[in-house]
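As a basis for the values below, the full set of heavy atoms in this structure was taken, side chains included, without hydrogen atoms, waters or symmetry mates.
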Amino acid sequence: MKFLFTILFISFSFNIHALKIISEIDPPYNYKDKNGKPVGLAVEIVQEIQRRVKNNDPIQFYPWARAYRTAETTPNVVLFSMARTKKRQNLFKWIGPFVDNSWILVTKKNSSLKIDNLEQAKLIPTIGVYRDDSRDHYLTQHGFKNLSRTNLNENGFRMLFADRIDAYAAVDITLDKSLSEIGYKTDELKTLLTLKTVQVFIVISKKTDPSVIKKWKETFESMRNDGTYEKIFRKYFPKRKLPSTELESLD
């Protein structure tokens with residue numbers, strides 16, 4: 001009995017800081033290669049943090065709405081990649097930023113649509129958004145009633161090319177890779193409007209052990225300081241400016 005208790009105690013101690021590490025398919029940040037292996041800029045950053053903190057929990061891919069709800073309601077969850085917004089700021093613990101990007105409204109290249117501002121965008125018949133994504137939240141908060149939601153980002157582009165929606169809320173930095181994954185090219189689209197520039201982070205659910213959060217944060221900072229982070233970043237974006245370490249103000 002004593003031997004069994006010892007085994008159970010060791011097992012419990014080993015798993016006490018087990019984490020649920022989740023992401024979405026959003027190349028080039030986080031996606032799967034042809035063999036189903038997690039790859040991408042954010043994946044490599046997270047895996048290096050895991051290596052340094054000696055965490056072996058697998059990265060799992062969920063649709064974004066499910067991933068977001070899991071991180072919002074469950075302790076011991078790491079979620080990436082997430083844009084930092086005013087609505088989300090106090091819901092999670094933030095690690096980063098590791099990249100910044102712009103939200104854009106895109107349409108087919110041959111479309112006659114032209115807009116100059118956000119108010120005019122409300123007159124577009126149908127705008128596709130990725131359900132519960134930051135662009136969905138942003139447009140909803142600004143009073144858009146013309147949104148068509150999809151559970152998979154790539155399906156939004158498919159809907160656009162199939163003329164089921166008139167425009168799609170996309171991300172500039174991921175546009176090329178997202179399109180290539182489903183057989184399209186960026187020159188088949190045009191940008192109608194830039195909505196907003198945001199910083200992108202890894203987040204940890206708030207009820208996670210503070211020592212775990214602290215360790216992950218400090219490890220990312222050490223990667224920034226020793227050049228590991230920049231080396232990973234340059235692998236994906238050789239010429240893009242590194243994101244500022246200063247947190248942008250939120251509106």
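- Under a 3.5 Å cut-off, the side chain of T150 and the backbone N or O of L152 do form a donor-acceptor pair.
- Looking only at distances, a side-chain donor or acceptor of K190 sits under 3.5 Å from a matching main-chain atom of S111.
- A donor atom on one side chain and an acceptor atom on the other are not found under 3.5 Å apart for R51 and T219.
- Connection of L175 to L41 is not established within any shared hydrophobic cluster, with ILVMFWY side chains joined at heavy-atom distances below 4.5 Å, either directly or through further cluster members.
- A donor-acceptor pair is defined here as one N or O able to donate and one able to accept, closer than 3.5 Å; no such pair exists between the side chain of E181 and the backbone of S178.
- Contact of the V77 side chain with the L19 side chain is not registered, since no non-hydrogen atoms from C-beta on lie closer than 4.5 Å.
- Here the CD atom belonging to Q60 is positioned 8.0 Å from the CZ atom belonging to R66, to the nearest 0.5 angstrom.
- L147 is connected to L105 through a chain of hydrophobic side-chain contacts under 4.5 Å among Ile, Leu, Val, Met, Phe, Trp and Tyr, so both are in one cluster.
- Taking the six-membered ring for Trp and the full ring otherwise, F220 and Y229 have centroids separated by under 6.0 Å.
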TODO: Would you please test R88 and V203 for side chain to side chain contact (heavy atoms under 4.5 Å, CB included) and show each step?
DONE: CA-CA 10 Å; R88 296 170 170 177; V203 301; over 6 Å; no

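- With hydrogens and angles disregarded, a donor-acceptor distance shorter than 3.5 Å links the side chain of N146 to the backbone of I124.
- No path of Ile, Leu, Val, Met, Phe, Trp and Tyr side chains, each step under 4.5 Å between heavy atoms, connects L192 with I104, placing them in separate hydrophobic clusters.
- Nearest heavy atoms, I22 versus A67: CD1-O, 3.6 Å.
- Looking at every heavy atom in both residues, L118 comes nearest to F144 through O-CZ, 3.4 Å.
- Considering NZ of K214 and CG of D209, their distance stands at 11.5 Å, rounded to 0.5 Å.
- At least one side-chain heavy atom of T70 sits under 4.5 Å from a side-chain heavy atom of K20.
- At a threshold of 4.0 Å, the pair E221-R224 counts as salt-bridged, since one of the basic side-chain nitrogens sits closer than that to a carboxylate oxygen.
- Side-chain contact check for N55 and D57: at least one donor-acceptor pair (N or O, by modelled atom type) lies under 3.5 Å.
- The closest donor-acceptor contact from the side chain of S205 to the backbone of N76 lies under 3.5 Å.
- A heavy-atom distance below 4.5 Å is not found between the side chains of I59 and N30.
- Salt bridge annotation for E230-R234: present, with a cationic side-chain nitrogen under 4.0 angstrom from a carboxylate oxygen.
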Open item on the list: For K86 and Y138: C-alpha separation, side-chain torsions, deciding distance, then whether side-chain hydrogen bond (donor to acceptor under 3.5 Å, both in side chains) applies.
Closed with: CA-CA 10 Å; K86 187 174 183 178; Y138 178 80; over 6 Å; no

Using distance only, find each side-chain donor-acceptor pair of residues 125-133 under 3.5 Å and give its atom names and separation, not counting sequence neighbours.
unit_1: Y130; atom_1: OH; unit_2: E24; atom_2: OE1; d: 2.8
unit_1: Y130; atom_1: OH; unit_2: W64; atom_2: N; d: 3.2
unit_1: R131; atom_1: NE; unit_2: N151; atom_2: OD1; d: 2.8
unit_1: D133; atom_1: OD1; unit_2: R135; atom_2: NH1; d: 3.1
unit_1: D133; atom_1: OD2; unit_2: R135; atom_2: N; d: 2.9
unit_1: D133; atom_1: OD2; unit_2: R135; atom_2: NE; d: 3.1
unit_1: D133; atom_1: OD2; unit_2: R135; atom_2: NH1; d: 2.7

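- Under the 3.5 Å distance criterion, the side-chain polar atoms of Q199 are matched with a main-chain donor or acceptor of E246.
- T194 OG1 to D172 CG: the interatomic distance, rounded to the nearest 0.5 Å, is 7.5 Å.
- Side-chain heavy atoms closer than 4.5 Å link hydrophobic residues (I, L, V, M, F, W, Y) into clusters, and following such links, possibly through other members, connects I165 to V106.
- Enclosure of atom CZ in R164 is not indicated, since only 12 or fewer non-hydrogen atoms of other residues, nucleotides or ligands lie within 6.0 angstrom.
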TODO: Quick one: do R84 and Q89 satisfy side chain to side chain contact (heavy atoms under 4.5 Å, CB included)? Show the steps, please.
DONE: CA-CA 6 Å; R84 178 175 167 265; Q89 173 62 26; 2.7 Å; yes

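- Taking the centre of each ring, F233 and F237 come in below the 6.0 Å mark.
- Of the inter-residue distances, the one linking I45 atom CD1 with T228 atom OG1 reads 10.5 Å to the nearest 0.5 angstrom.
- Side chain to side chain, S102 and T197 meet the donor-acceptor criterion of an N or O pair below 3.5 Å.
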TODO: Run the numbers on M223 and I49 for side chain to side chain contact (heavy atoms under 4.5 Å, CB included), then give the verdict.
DONE: CA-CA 8 Å; M223 289 169 57; I49 294 174; 3.6 Å; yes

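- Closest approach of I115 to A121, counting heavy atoms only: CD1-CB, 3.7 Å.
- E188 places no side-chain N or O within donor-acceptor distance of the main-chain N or O of Y184, the cut-off being under 3.5 Å.
- A donor atom on one side chain and an acceptor atom on the other are found under 3.5 Å apart for D136 and T140.
- Between L189 and L179 there is a side-chain heavy-atom pair separated by less than 4.5 Å.
- Side chains of V46 and W216 form a contact here, defined as non-hydrogen atoms less than 4.5 Å apart.
- Donor-acceptor pairing under 3.5 Å is lacking for the side chains of S81 and D26.
- Proximity of R158 to N155: side-chain heavy atoms (C-beta onward) are separated by under 4.5 Å at one or more points.
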- [ ] Take I25 and N153 through the side chain to side chain contact (heavy atoms under 4.5 Å, CB included) test and state the conclusion after the steps.
- [x] CA-CA 8 Å; I25 300 297; N153 189 46; over 6 Å; no

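- Note on F201 and I21: separate hydrophobic clusters, where clusters join Ile, Leu, Val, Met, Phe, Trp and Tyr whose side-chain heavy atoms are under 4.5 Å apart, directly or indirectly.
- Between Y29 and F80, the distance from one ring center to the other does not fall under 6.0 angstrom.
- Without hydrogens or angle criteria, T208 side chain to I204 main chain gives no donor-acceptor distance under 3.5 Å.
- When only modelled atom types and interatomic distance are considered, K108 and Y168 share no side-chain donor-acceptor pair under 3.5 Å.
- For the pairing with S23, the side-chain contact (heavy atoms from CB on, under 4.5 Å) check across Y31, F61, Y62 returns one residue only, F61.
- The two residues A71 and L79 have their closest heavy-atom pair at CB-CD2, 3.7 Å.
- Looking only at side-chain heavy atoms (C-beta outward), S222 and R52 come within less than 4.5 Å of each other.
- Under the 4.0 Å criterion applied to side-chain N and carboxylate O atoms, E119 and K122 are assigned as salt-bridge partners.
- Side chain of K206 to main chain of N90: a donor-acceptor pair is present (N/O by atom type, distance under 3.5 Å, no hydrogens or angles).
- Side-chain contact between E44 and Y236 is present, with heavy atoms from C-beta onward closer than 4.5 Å.
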